[in-house]
Amino acid sequence: MLILGIESSCDDAAAAVLETATPGKAVVRSSVVANQEIVHKRFGGVVPELASRYHVRTISPVIEAALEIAGCSLSDIDGIAVTRGPGLVGSLLVGLMCAKGLAQTLDRPLVGVNHIEGHVLAPLLEHEVAIPYLALVVSGGHSAIFLTEDFGKYRRLGSTRDDAAGEAFDKVAKMMGLGYPGGRVIDELARTGDRKKFNFPRAKVRGNGFDMSFSGIKTAVALTLGRCGNGNAPAPSDLAASFQEAVVDMLLKPTMEAARRYGVKTIALTGGVAANSRLRERLTAEAENEGFRVIAPSLKYCTDNAAMIALAGSYRLLKGERDADDIDAQAALSL
Ligand code: KG4
Ligand code: ZN
């Protein structure tokens, strides 16, 4: 089956062509992403109206490019998978309306996909992973730990009570005058910094679950910056390294506890923050030390892409399922 995936939930317009015959096993024939970083950079964050306007301009060329790279035409496509939430509603609607138009014109089945399910399944694009496995999804919009029990069956074991981890990276980078998005810059700066220079608090969330919290550390960094007046500014590399170490600690603790509690063999790390070198290094070291296997997709499948959306739609399309024509975008869809 050839599946066209379409993703436009935030500031990336993406399309991909996936070839699959078995749920969870697929060959990515193409994966194209039109990134809007240059559009939103000067505002220090994503401006929703601009995001949807740029999606309107880019979605068709992105789909055409995905088909061309895959060496097929629209008539070869057997089914379409599109992100229907969560995300910015104006952005979601662009991809969804485009997908509906194509599905109706071509008379092919359409399924709406939860964006987070895409992130959870993304590791399967490149790795054989035995189910059940644990997925730590960390991006600019989400931080959560899921137990993948089957295709379509996910148990959310914990999530952030406030900011997402990526949001904390971006906000701290903004405070430090490092621009947007800031995760990559902090990661690079931290390589030469002292991780113990500032002892930022590690938030503990009460309860039996594996919830996290990243708003306090943002305030702690702001207070540290405020206390260090002119001429007494902390070295950016030390601040970046100490902040990053605290975030990594707060992600690792619940992830490791959940992996032990649920007896999984594999921990998958996904989402934009999965690109973080220290997070990869420490999770791999600590988890492998306890006998877990750690897998992380390559960067192009960690960040938003349509290959993961096609994969998340594929097991339903393979079963012959389709969504009704009135399927709608949902800004606050949960998994
Ligand atoms: O998955 P993604 O592309 O988009 C969302 O769905 O949010 O993730 C983007 C997030 C941003 O917050 C960005 O700062 C963060 O991922 N990020 C990083 C790194 N590279 C990207 N955070 C920490 N370290 C990195 N190397
Ligand atoms: Zn995402």
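Whatever order the structure lists them in is the order used to number ligands and atoms, beginning at 1.
Below 4.0 Å from some heavy atom of G140 lie the following atoms of ligand 1, by number and element: 5 (C), 7 (O), 8 (O), 9 (C), 10 (C), 12 (O). Here is the list of ligand 1 atoms found below 4.0 Å of a heavy atom in T303: 1 (O), 3 (O). In the vicinity of G141, heavy-atom distances shorter than 4.0 Å reach the ligand 1 atoms 7 (O). The ligand atoms of ligand 1 that sit less than 4.0 angstrom from a heavy atom of G166 are 12 (O).
Inclusion of H119 in the first shell of the Zn ion (ligand 2) is supported: an N, O or S atom falls under 2.8 Å.
Under 4.0 angstrom from ligand 1, the non-hydrogen atoms of D187 all belong to its side chain. With a heavy-atom cut-off of 4.0 Å, D170 touches ligand 1 through its side chain alone.
From the protein, the heavy atom lying nearest to atom 4 (O) of ligand 1 is D304 OD2, 3.6 Å. Protein heavy atom closest to atom 17 (N) of ligand 1, with residue, atom name and distance, is G272 O, 3.6 Å. With hydrogens left out, the protein atom closest to atom 15 (C) of ligand 1 is V273 CG2, 3.9 Å, a heavy atom. Atom 24 (N) of ligand 1 has its closest protein heavy atom at N276 ND2, 3.0 Å.
The shortest non-hydrogen separation linking L311 to A26 is CD1-CB, 3.8 Å. Residue I80 comes nearest to I77 through the heavy atom pair CG1-CG2, 4.2 Å, listed as atom of the first residue, atom of the second, then distance.
A donor-acceptor contact closer than 3.5 angstrom links the side chains of N276 and Q244.
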Under 3.5 Å, side-chain donor or acceptor atoms of residues 197-204 against the rest of the protein: list the pairs with distances, not counting sequence neighbours.
from : atom 1 : to   : atom 2 : distance (Å)
R202 : NE     : D249 : OD2    : 2.9
R202 : NH1    : F200 : O      : 2.7
R202 : NH2    : D249 : OD2    : 2.8

Please table the atom pairs, donor to acceptor, closer than 3.5 Å between any side-chain atom in residues 95-107 and protein atoms at least two apart or in another chain.
from : atom 1 : to   : atom 2 : distance (Å)
K100 : NZ     : D325 : O      : 2.9
K100 : NZ     : I327 : O      : 2.8
T105 : OG1    : G101 : O      : 2.5

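Ligand 1 lies out of reach of C10, whose nearest heavy atom is not under 4.0 Å from it.
Residue F169 has no N or O atom closer than 3.5 Å to an N or O atom of ligand 1. On a distance-only criterion, G183 and ligand 1 share at least one N/O pair closer than 3.5 Å. Residue-to-ligand polar distances keep S277 apart from ligand 1: every N/O pair is separated by 3.5 Å or more.
Residue L136 is tested with L251, V273, T270, V294 for a side-chain contact (heavy atoms from CB on, under 4.5 Å); the sole match is L251. When the options D163, T160, D162 are evaluated for a side chain to side chain donor-acceptor pair (under 3.5 Å) with S213, the one that passes is D162.
Salt bridge R278/D187: absent, no basic N to carboxylate O contact under 4.0 Å.
The name of the N, O or S atom in D304 nearest to the Zn ion (ligand 2) is OD1. Restricting H115 to its N/O/S atoms, the shortest distance to the Zn ion (ligand 2) is reached by NE2.
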Requested in this report: Determine, stepwise, if the pair R316 / D323 fulfils salt bridge (Lys or Arg N to Asp or Glu O under 4.0 Å).
Outcome: CA-CA 10 Å; R316 291 187 57 209; D323 281 325; 2.9 Å; yes
Report task. Output, in order, the C-alpha distance, side-chain angles, deciding distance and verdict of salt bridge (Lys or Arg N to Asp or Glu O under 4.0 Å) for R155 and E149. Result -> CA-CA 7 Å; R155 208 182 323 168; E149 296 179 307; 3.1 Å; yes
Requested in this report: Check the pair R53, E49 against salt bridge (Lys or Arg N to Asp or Glu O under 4.0 Å), reporting the backbone distance first and the verdict last.
Outcome: CA-CA 6 Å; R53 285 175 188 274; E49 184 176 331; 2.7 Å; yes
